[in-house]
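Quick note: residue numbers are just sequence positions, from 1.
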Amino acid sequence: MSALAEPIRSPYSRIDEVRRRLESFATLCEKALIVADQGQVEELFELGFAARQMRHSISTSHDMSPTHEPEAADIDGVADSLEATHRAQKGDELLHQLHERELPADVALLADPIGIVALVESLLPTTWNFHEDLVILFGNGLDAPANVLGRIGQERVCVFLPEGPEPEFYPESVHIIRSESELYSLMASWAPRHPKRIVSRSLAECGVSEKEQRALIDAAELYLGYVKVDRNTTSTFADIWLRQGIANLAHTINTPTVATFTDDFIGKPMVVVAPGPSLSKNIKALHKIKGKAIICTFSHTLSAFAAEGVDPDFVITVDSNSLQYHFKSFPMENVEAMVSGATVHSDLLKMPAKRHISMGANGGFDLWLSELFGEDLLVPAGGSVATSAMALGVKWKCDPIIFMGLDLSFPGGQYYVSTSCDGDLKVSTNDEGKLVMDGWSQDCVDMRKRGGPIAADVQKSFTLPGYYGGEVPTTQMFWLFHDWFEKKAAEVGDTVQLINCTEGGSYIEGMQHIPLQGAYEAHIENAPDLSVGEILDARIGKIGPERRENAVAGIESIVKSVERCLSLVGRCDQMAKRVAENPENLEKLEALEADLVSALRATRFMGGSKQRAISMAYERANAAEELSELLAASQDLYQEIRSAAKQVLPGLRDVVREIRCQI
């Protein structure tokens with residue numbers, strides 16, 4: 001069963017499995033009571049570590065509820081589970097008492113082998129996953145606890161040493177990190193199984209200041225915030241992205257992508273116009289900027305452009321919803337090009353802009369599109385149209401990239417510039433210190449009723465450094481976007497000038513902060529005249545028919561791979577039944593599964609909407625103890641693959657027929 005990684009558990013007889021986990025946890029804790037009475041301190045700690053991992057497995061067992069009507073045997077199992085739960089509760093109390101006891105000073109603990117184990121025990125919460133959760137140690141002096149962590153099976157340990165030579169006294173499994181960016185890269189390498197919990201420890205004279213420690217922990221927690229937002233977004237939109245991405249394939253094939261213009265905008269100034277309230281200070285300057293710099297904006301800002309009588313060059317959209325009300329007041333036929341994510345709502349692709357350009361806006365989820373076209377159409381961004389605009393400017397090597405209306409805050413309680421389509425939206429603070437949003441347009445209210453994107457009307461308040469000093473209030477999403485801008489600015493370095501001319505809202509480290517007039521005089525006023533439309537047409541005219549032929553051939557290849565997956569799933573299913581009758585057939589099943597894995601590699605995009613089910617499968621697979629359980633688990637996985645294949649095949653076949661008719 002190794003070829004398909006960790007197969008999904010059978011949906012039957014979950015009650016017995018939960019009971020076994022509870023009984024195992026209770027038995028561990030009862031042993032701990034005995035050794036505690038006998039004064040066997042080190043063995044007590046060892047049992048405490050084992051109990052943590054078992055307690056974690058119990059905390060994940062809510063995903064194992066039965067999916068059939070209970071029979072008499074099930075009811076008996078419930079009674080046994082209740083008894084096991086009672087025993088486990090007593091064990092849980094002991095675990096908490098062990099964890100919360102007072103300890104001697106660090107110097108005394110580190111001078112004694114048992115004290116070192118006690119220090120590690122106090123570090124780890126009572127529920128802990130030794131395979132996924134993260135321990136961060138700061139500076140020098142904690143090599144002995146790091147070795148204990150390695151001995152008890154803790155897989156993810158980082159030691160933060162901003163300076164000094166590479167130490168030699170840590171286990172090989174320990175990661176030495178020197179900066180926040182190294183921590184980000186390391187945590188990214190753990191996808192999709194990111195930590196759920198982070199703990200940290202330092203000594204008084206560790207060589208790392210409290211400020212540096214706090215900054216690194218904030219960076220780690222912020223990264224997990226990204227992961228949570230990304231996971232929730234993917235969980236919510238994965239099916240929609242997949243369905244719309246396939247439905248839009250004919251459009252994507254027939255339009256240029258952002259990769260088409262890689263060399264056409266190098267060194268040309270780009271002005272990104274966001275709908276923040278500070279846009280009102282400088283929006284009139286767009287009249288003199290037009291024709292001298294690329295003007296890039298988003299659908300939410302179009303009402304403000306209409307009120308001012310200025311036409312943007314590019315309108316970027318990455319939304320999976322129609323957002324029709326954003327466009328009501330603006331003549332889209334005046335826009336040089338819509339730059340749309342390949343998975344957007346099809347209504348956005350029907351906008352009467354002069355041209356349409358496609359991009360991959362969902363990061364790794366859209367990687368298959370780049371592979372299909374043989375073009376780097378990904379615009380990796382931080383989840384918003386504003387971050388997508390900056391990422392696009394960097395991709396095209398525009399210079400400088402100038403921002404207007406990028407408040408990421410709400411001065412005076414104003415959320416958007418007043419002339420935007422939701423210009424009456426206001427933010428206030430309630431008695432609990434939370435942000436309250438009020439004043440959405442009726443169009444937005446109607447969109448919400450139809451199932452459009454919903455931002456909570458009461459949110460936790462965050463703060464950011466202010467454009468003019470001090471701090472300004474913000475939402476969690478703006479806070480995450482702000483961090484993305486700072487990280488991207490650090491990554492870009494001196495290769496592109498990033499200039500924040502918002503003149504309000506938040507301060508973004510890594511960008512110049514100057515008035516728009518100063519940026520205009522320095523970078524735009526004397527720039528050559530710029531016709532974005534002519535540049536686009538010149539490049540589009542060079543696109544040959546072979547691009548479309550190659551894309552269609554790629555889709556046909558994907559169709560064959562998906563059909564092969566379906567065939568192999570059926571054969572695996574039949575072989576699994578034969579293994580149940582005769583285990584000697586196991587090698588034949590593993591060979592078939594190896595072929596299935598190979599076929600899946602060519603169609604991995606179709607599993608994007610199944611990520612949650614697959615993640616849950618990893619947890620459940622760990623509990624499989626018998627061959628019958630593994631076989632049932634594999635058959636569940638086969639069903640997931642079969643379901644995904646049947647979801648994508650009709651749309652892919654339709655696209656091939658449509659494009660072949662056009663050719």
Side-chain angles (χ1 to χ4, degrees), residues 233 236-252 254-255 272-276 279 283 295-359 361-362 366 379 381 383-389 392 405 415-425 437-457 477 651:
T233 301
T236 302
F237 293 107
D239 278 329
I240 297 172
W241 287 342
L242 186 60
R243 184 173 65 251
Q244 294 183 173
I246 292 174
N248 294 342
L249 267 176
H251 177 275
T252 307
N254 286 309
T255 57
V272 177
V273 186
L279 178 59
I283 192 168
I295 299 178
C296 184
T297 194
F298 332 122
S299 61
H300 226 130
T301 321
L302 288 175
S303 295
F305 272 84
E308 194 56 43
V310 180
D311 299 324
D313 295 306
F314 294 113
V315 174
I316 293 181
T317 180
V318 298
D319 296 275
S320 59
N321 288 274
S322 176
L323 299 182
Q324 287 293 299
Y325 80 96
H326 288 188
F327 299 87
K328 286 197 309 184
S329 63
F330 191 83
M332 285 300 295
E333 60 273 11
N334 294 344
V335 173
E336 295 297 340
M338 283 272 289
V339 183
S340 303
T343 60
V344 298
H345 194 285
S346 60
D347 283 354
L348 300 174
L349 305 180
K350 299 172 186 175
M351 290 292 165
K354 295 177 183 178
R355 304 162 192 84
H356 283 268
I357 299 171
S358 296
M359 66 178 176
N362 299 317
D366 288 351
V379 180
S384 78
V385 282
T387 56
S388 295
L392 181 60
Y415 199 83
Y416 293 116
V417 65
S418 61
T419 49
S420 80
C421 51
D422 285 302
D424 292 331
L425 181 62
M437 315 289 178
D438 183 52
W440 292 104
S441 67
Q442 186 58 49
D443 287 319
C444 182
V445 172
D446 293 341
M447 183 185 68
R448 285 178 161 196
K449 291 178 181 177
R450 294 191 299 269
I454 298 175
D457 287 331
M477 289 305 299

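Listed by chain and number, the residues in a side chain to side chain contact (heavy atoms under 4.5 Å, CB included) with N254 are R548, I659, Q662 (sequence neighbours excluded). Residues passing the side chain to side chain donor-acceptor pair (under 3.5 Å) test with S322, sequence neighbours excluded: Q324, D347. Among residues two or more places apart in sequence or in another chain, the side chain to side chain donor-acceptor pair (under 3.5 Å) test is passed with N248 by none. A search for side chain to side chain donor-acceptor pair (under 3.5 Å) contacts involving E333 returns nothing, not counting sequence neighbours. Every residue meeting the side chain to side chain contact (heavy atoms under 4.5 Å, CB included) condition with K354, not counting sequence neighbours, appears here in chain and number order: E336.
Side-chain contact between D313 and I295 is present, with at least one heavy-atom pair separated by less than 4.5 Å. Using a 4.5 Å heavy-atom cutoff, the side chains of L349 and V344 are in contact. Contact of the Y325 side chain with the D446 side chain is not registered, since no non-hydrogen atoms from C-beta on lie closer than 4.5 Å. Taking 4.5 Å as the limit, every side-chain heavy atom of F314 sits out of range of all side-chain heavy atoms of L392. Side-chain contact between D311 and F330: present, with at least one pair of heavy atoms (C-beta onward) separated by less than 4.5 Å. When side chains are defined from C-beta on, M437 counts as touching L425, because their heavy atoms get closer than 4.5 Å. L323 has its side chain out of reach of H345: every pair of non-hydrogen atoms, C-beta onward, lies at least 4.5 Å apart.
Nearest approach of S358 to T255, heavy atoms of both residues: OG-OG1, 3.1 Å. For I240 against S320, the heavy-atom pair with the smallest separation is CG2-CB, 3.9 Å. Closest approach of M338 and L348 over heavy atoms only: CE-O, 3.4 Å. What you find for C421 and S441 is that their closest heavy atoms are O-CB, 3.5 Å. Taking all atoms of both residues into account, the shortest heavy-atom contact from T387 to S384 is OG1-O, 2.9 Å. Taking every heavy atom of both residues into account, V318 and A361 meet most closely at CG1-CB, 3.6 Å.
Note that NZ of K328 and CG of D443 are 3.5 Å apart. Values are rounded to the nearest 0.5 Å. With rounding to the nearest 0.5 Å, the separation of OG in S340 from NE2 in H251 is 6.5 Å.
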Identify all side-chain donor-acceptor contacts of residues 296-304 below 3.5 Å with residues at least two apart in sequence or on another chain.
unit_1	atom_1	unit_2	atom_2	d
T297	OG1	V273	O	2.7
T297	OG1	T301	OG1	3.3
S299	OG	H326	ND1	2.7
H300	NE2	D422	OD2	2.9
S303	OG	S329	OG	3.2

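Remark: side-chain polar atoms of H356 are paired, donor with acceptor, to backbone N or O of M351 under 3.5 angstrom.
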